[in-house]
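See below for the structure under consideration.
It should be emphasised that the depicted structure is a prediction, and the values quoted were computed from it without experimental measurement.
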Amino acid sequence: MTSKYSVEFIAGGATQNSIRVAQWMLQIPGATSYMGSIGKDKFGEEMKKNVHYYEDESPTGTCVVCVLDGKSASYELMIFGFSMSLVANLSAANCYKVDHLKKPENWALVEKAKYFYIAGFFLTVFSMNLSAPFICEFFKDQQEKVLPYMDFVFGNETEARTFSRVHGWETDNVEEIALKISQWPKASGTHKRITVITQGADPVVVTENGKVKLFPVIPLPKEKLVDTNGAGDAFVGGFLAQLVQDCVKAGCYASNVIIQRPGCTLIFK
């Protein structure tokens with residue numbers, strides 16, 4: 001791709017996108033931390049600033065994104081520390097080792113953190129976001145093991161419907177599915193689980209304590225839409241940044257900003 005096309009390099013990976021957006025929204029230096037896995041190559045060097053990566057002998061994971069606007073195509077080469085879908089070469093992103101997490105300097109970040117966010121993609125390496133339909137389908141057992149420990153579960157309508165199908169719920173109703181996920185048995189904490197499902201331009205579904213709430217998204221004229229890739233990640237980042245107040249509003253704002261830019265790119269101040 002890089003030899004045949006003019007590409008834009010964008011740091012990616014679903015979880016990393018969310019954390020970058022959360023950091024941007026918070027505007028507080030050092031408010032967030034992130035760990036993932038990269039290779040010892042030029043793409044890995046692009047990723048290493050201010051992030052605690054495990055460096056594997058495999059090449060850094062990459063993902064090629066083709067963005068169509070009806071008239072032409074543009075290409076982005078995403079380099080990431082975890083993994084995404086589209087046309088991906090997971091490589092080092094699928095090789096994270098728990099020993100890296102246990103290093104004193106990294107575990108200190110764990111002990112300092114108040115909230116933890118993990119995408120479902122991490123289930124491929126050792127175990128939440130539902131993350132992708134294939135995670136719901138092919139890593140069902142791993143998902144079921146970790147779900148009881150989740151206070152918040154994020155996803156989009158396609159992931160929610162896939163989750164429903166693989167669990168034999170026989171419903172495509174997103175509100176009903178979100179409610180069922182929120183009522184999944186819980187093994188930790190005193191808080192009830194909150195499920196948040198985005199639906200593109202349709203209202204965000206939030207379920208808590210047996211109740212369903214709908215939140216409208218921010219309207220955007222079609223001519224301003226650049227790239228929806230990373231919109232869901234940005235929503236989670238905004239949500240996490242404002243977890244104690246106006247969570248969905250902040251998530252909608254963040255995703256509205258992102259879909260007006262290529263990939264999950266931001267202007268940091």
Side-chain angles (χ1 to χ4, degrees), residues 14-15 17-26 32 113-122 128-133 135-136 143-144 146-167 169-220 228-259 264:
T15 307
N17 287 341
S18 297
I19 300 305
R20 289 173 61 235
V21 170
Q23 180 62 56
W24 170 67
M25 293 281 287
L26 288 165
T32 64
K114 294 181 179 180
Y115 299 97
F116 301 91
Y117 174 65
I118 303 173
F121 294 116
F122 217 13
M128 159 162 191
N129 192 307
L130 296 180
S131 293
I135 296 292
C136 299
Q143 226 176 27
E144 290 181 350
V146 300
L147 191 56
Y149 301 93
M150 301 299 156
D151 294 323
F152 293 85
V153 174
F154 301 92
N156 63 34
E157 74 276 28
T158 303
E159 295 156 0
R161 286 171 177 147
T162 302
F163 189 95
S164 174
R165 177 173 54 79
V166 300
H167 286 88
W169 288 349
E170 298 183 351
T171 179
D172 282 336
N173 185 291
V174 174
E175 295 178 31
E176 184 179 349
I177 296 167
L179 191 60
K180 284 178 173 289
I181 293 174
S182 68
Q183 294 172 337
W184 192 281
K186 201 163 182 293
S188 64
T190 58
H191 301 289
K192 297 290 185 180
R193 181 182 299 106
I194 296 175
T195 303
V196 184
I197 305 296
T198 59
Q199 304 185 95
D202 293 329
V204 178
V205 177
V206 179
T207 60
E208 181 182 13
N209 292 325
K211 297 180 180 179
V212 178
K213 295 181 180 179
L214 300 178
F215 295 84
V217 300
I218 303 172
L220 181 70
T228 59
N229 185 43
D233 304 335
F235 177 91
V236 173
F239 189 105
L240 295 176
Q242 298 294 317
L243 194 55
V244 295
Q245 57 182 359
D246 299 325
C247 300
V248 176
K249 183 179 180 181
C252 289
Y253 168 77
S255 59
N256 181 268
V257 170
I258 291 303
I259 61 177
C264 193

*Give a yes or no on whether the backbone of A160 and the side-chain of S164 come within a donor-acceptor separation of less than 3.5 Å.*
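Pair absent, no side-chain N/O of S164 close to backbone of A160.
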*Taking R193 for the side chain and W184 for the main chain, is one N or O donor matched with an acceptor at less than 3.5 Å?*
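Checked: pair present.
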Working to the nearest 0.5 Å, report the span between [atom1] of [X] and [atom2] of [Y].
X    : Y    : atom1 : atom2 : value
I177 : W169 : CD1   : CH2   : 7.5 Å
F116 : M150 : CZ    : CE    : 11.5 Å
I194 : I181 : CD1   : CD1   : 14.0 Å
D202 : N156 : CG    : CG    : 12.0 Å
E208 : T195 : CD    : OG1   : 10.0 Å
Y115 : L240 : OH    : CG    : 9.5 Å

What are the two closest non-hydrogen atoms of [X] and [Y], and how far apart are they?
X    : Y    : value
A22  : A241 : O-CB, 3.8 Å
L214 : P203 : CB-CB, 4.1 Å
A178 : T207 : O-OG1, 3.1 Å

_Going by side chain to side chain donor-acceptor pair (under 3.5 Å), name the residues that satisfy it together with T171, two or more places apart in sequence or in a different chain._
E176
*asked:* Which residues pass the side chain to side chain donor-acceptor pair (under 3.5 Å) test with T32, not counting sequence neighbours?
replied: Q23
Sequence-distant partners of [X], side chain to side chain contact (heavy atoms under 4.5 Å, CB included), two or more places apart:
X    : answer
Y149 : A187, S188
P216 : none
V174 : E157, R161, I197, Q199, V205

*Anything under 30° is parallel, anything over 60° is perpendicular, the rest tilted; go ahead and classify F239 against F235.*
tilted
